[in-house]
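Quick notes on the structure that follows.
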4 protein chains.
Amino acid sequence: MNMPNEQRRSERSRQAILAAALDLCRERGLARTTVEEIAKRAGVGKQTIYRWWGSKAAVVQEALNERVNATTDFPDTGDLRADLRAQMVVVAEAFASADFAPYVSLIAAAQEDPEIAASLRKVMLEPRVRACAERLRRGQEQRQLREDVDVDVVVEMLYAPLYYRLLLRTRPVTPEQVTEIIAMAFEGLAPPGRDGTPGR
Amino acid sequence: MNMPNEQRRSERSRQAILAAALDLCRERGLARTTVEEIAKRAGVGKQTIYRWWGSKAAVVQEALNERVNATTDFPDTGDLRADLRAQMVVVAEAFASADFAPYVSLIAAAQEDPEIAASLRKVMLEPRVRACAERLRRGQEQRQLREDVDVDVVVEMLYAPLYYRLLLRTRPVTPEQVTEIIAMAFEGLAPPGRDGTPGR
Amino acid sequence: MNMPNEQRRSERSRQAILAAALDLCRERGLARTTVEEIAKRAGVGKQTIYRWWGSKAAVVQEALNERVNATTDFPDTGDLRADLRAQMVVVAEAFASADFAPYVSLIAAAQEDPEIAASLRKVMLEPRVRACAERLRRGQEQRQLREDVDVDVVVEMLYAPLYYRLLLRTRPVTPEQVTEIIAMAFEGLAPPGRDGTPGR
Amino acid sequence: MNMPNEQRRSERSRQAILAAALDLCRERGLARTTVEEIAKRAGVGKQTIYRWWGSKAAVVQEALNERVNATTDFPDTGDLRADLRAQMVVVAEAFASADFAPYVSLIAAAQEDPEIAASLRKVMLEPRVRACAERLRRGQEQRQLREDVDVDVVVEMLYAPLYYRLLLRTRPVTPEQVTEIIAMAFEGLAPPGRDGTPGR
DNA sequence: TCCTAACCGAGACGGTACGTCAGGTCTTAAG
DNA sequence: CTTAAGACCTGACGTACCGTCTCGGTTAGGA
């Protein structure tokens, strides 16, 4: 994207485009949304979209990024598992919401467009992963989490099942799932042995 | 799909179409593959594709299904964690392979097409999930897995991190990841307490 | 124009396109006619136009050529000046007719497109010029036209004033103009001298 | 055109626009010349063009009018045919020149824009026609031209063949053509009869 | 001499049409 | 009846220009 003069840009058009793109994406998914429709609904010329964005996916992502709660702070009440649960329930509820469709569409688009993938990771994923990892590290200091685990892998283990259901649609994402994940992850799958530590 | 007369169908054309579709999908992804190209490369009329399949995704899925190793059997050596590791490493290697691109494309397409999603789940996912769940249940009987966990949720907990990396491309899927997942999942995240059972 | 298979061509679409193009051209001129409108009015895809013609001008020309009276025969009653007058009056009336607008548009388009120009000359102009020249040559044999003139130049001298008014719109083209042209051309501009032959 | 304040107008910009328009028109014809290109080449904002002219054709016409030899005087040596020939040869040479393309483009544009047509007639055509007609009238007084002919029609008869070749491009416009036209027009096409006056 | 209205360059804007691509349907000829 | 071939209608693509509309910056006259 080598941009034209940013200063002369019409904020009115920009907002109308982001809103229209997001609406259409919610209504029928990104694949069935066309640049022409976005332009028409936003009351804007197509060129204005092509001037500032590289693809309809880029528009949706900017819209999403601007509207999604920007706070990536993680609660820290001192109780790691409670804090994780609280945060993950928020995520689970977001995943279950109909408004979340554009994010799913974007992940789909990212599968065949490395640029979207990179930008998604950088903008949507990494800040939240980092916040969670930090909370986990504090949890290690507070002796609420094993010290010999890689917190980045823990983040994956906790959140991956939510993404699994989100993307493979085997079952709905629910707060109950969060409860189960945390319980299983913290308590482990090994049956309680005599000394509390399983073999291997 | 209400099919025309199956018996008169040309197997030669069918195979050529499946091969062409898979090749193109590997080369440039499903989104950038067109029915027209498949037809031309297969030396086939477009109508022959539309006659027998509902979409290019359906073609790719049939191709994938026919070529992928059909055996969903799970090893059972008596050592649950070793068996899980063995099977998951096979999956991880598959995920890491370049030939796997069509499967990823299909998952992407499924996000905005419930028909593909349903068919993907039924054909690709469920048989393998079922096989794993059964092995886990035998593991419970063999006292190698807690008896109070829902094995279907355990399947998710084990495989979800592989899908997470596959679809969000944060890091490559590797055998090491499998080792870490199994260790963390079985041993749990809670720090070893005095009595071996964490609070809550 | 390297054509696709001519045999599979839809005559229905072809006729609809020619008719629509001609109508639109009559209504508002070639410049204000768009390929999109032609397609819409003909109930045809744009691609069908682009498949068979190189430009909207080519469509109009084919339409014109197909509809214009194909007979280029020149009357030959034995009276050259009467025959010329008869034929030229037909042309003058055609020029004056509103239906003639597409021909004028085509001449305009030819000014900046040598291909249209060449095709116009070959299809519309030359056959008629040739027919007139032949009649003039017979006139020379019949001793009704000087034998020392180049009949091709005579054709120009007779018809050019009609084109002049058609294209420069100084005055309407009328049968009276034809009468004046023929009189002046045959009798000459030189004042009748003592011996009937002017100087120089 | 309701003009803004003429006094504040930038002559520098005006000249740059006229020059750019004329150059572009010579290079690729009026149809393929865009206002945007004119503006860019002239180093001028588009608005400056739209402020002072109604269309690109108007720009070209003003450019042409300013640069073309403004003298419409007709020579008068006393020999009408020689004077006509001299003047017509100048015109023929102009027609044959590559620099003449913009004038031809303008005539083409005039076919579908009555405003251009009117302005072309008024500015380019009528003064020259009037000058020629006056010379012809003096020729009648000098007994070098029949007195019973309408001089305006004679002007057409003489110049129309030049325009015919210019616009229909059947053959190049040359001084020889001028010679032929004058000879044929003055001497007439009728074969010299016994009494020097043809029938009808 | 300064003020201020106007013109100026630049170029973003809402549009229309372009010529192309691919979708899915329909037609033709061959087997 | 199926097939390969490919023309057909449709609709979206991304681009080029249209003519209008801001922006500062500059310039010229009237106060």
Check your understanding: Relative to the 5' end of DNA chain E, which residue comes earlier, G45(A) or A42(D), by the nucleotide with the nearest heavy atom?
Key -> A42(D)
Review point. Starting at CZ of R41(C) and ending at P of dT10(F), how long is that distance when rounded to a whole Å?
Key: 16 Å
Practice item. Quick one: do Q111(A) and L30(B) satisfy side chain to side chain contact (heavy atoms under 4.5 Å, CB included)? Show the steps, please. Key: CA-CA 10 Å; Q111(A) 299 312 316; L30(B) 181 57; over 6 Å; no
**Study point:** Distance-only donor-acceptor test (3.5 Å): side chain K46(B), base dG6(F)
**Key:** no
Review point. To the nearest Å, how far apart are E6(A) CD and dT22(F) C1'?
Key: 17 Å
Check your understanding: Has S10(D) got a side-chain N or O lying under 4.0 Å from the OP1 or OP2 atom of dT27(F)?
Key -> no
Check your understanding: Could one point to a donor on the side chain of R8(A) or the base of dA10(E) with an acceptor on the other under 3.5 Å away?
Key -> no
Point to revise | Phosphate OP1/OP2 of dA12(E) contacted by S13(A) side-chain N/O (<4.0 Å) | key: no
Point to revise | Integer-rounded Å distance: dA10(E) C1' and E36(D) CD | key: 12 Å
Review point. Heavy atoms under 4.0 Å, any strand shown: does Q47(A) hit a base, just sugar-phosphate, or nothing?
Key: base
Point to revise | Nearest-0.5 Å distance that lies between atom CD1 in I116(D) and atom CZ in R121(D) | key: 11.5 Å
Check your understanding: So L24(A) and K56(A), side chain to side chain contact (heavy atoms under 4.5 Å, CB included) or not? Walk me through it.
Key -> CA-CA 11 Å; L24(A) 284 164; K56(A) 59 187 177 184; over 6 Å; no
Practice item. Take the protein atom CH2 of W52(C) and the nucleotide atom P of dC9(F), then report the distance between them rounded to whole Å. Key: 12 Å
Exercise for review: Report the residue (V35(D) or K40(B)) whose heavy-atom-nearest nucleotide on DNA chain F is the more 5′ of the two.
Suggested key: K40(B)
Practice item. Answer yes or no: does a side-chain N or O of T48(B) lie under 4.0 Å from OP1 or OP2 of dA4(F)? Key: yes
Review point. L18(A) and V59(A): which non-hydrogen atoms are nearest, and at how many Å?
Key: CD2-O, 3.6 Å
Review point. Is K40(B) salt-bridged to E37(B), going by a charged N under 4.0 Å from an acidic O?
Key: no
Point to revise | Distance in angstrom units between D113(D) CG and dC18(F) P, rounded | key: 15 Å
Point to revise | Nearest-angstrom distance from the residue atom CD1 of I38(D) to C1' of dC17(F) | key: 12 Å
**Study point:** Residue Y50(C), side-chain heavy atoms: nucleotide from dA22(E), dT20(F), dT20(E) that is nearest
**Key:** dT20(E)
Check your understanding: How close or far is atom C1' of dC7(E) from atom CD1 of I17(D), stated in whole angstroms?
Key -> 12 Å
Study note, to complete from the structure: Ranking R12(C) and K56(D) by the position along DNA chain F of their nearest nucleotide, the one closer to 5' is R12(C)
**Study point:** R51(C) CZ - dG6(F) P separation (whole Å)
**Key:** 12 Å
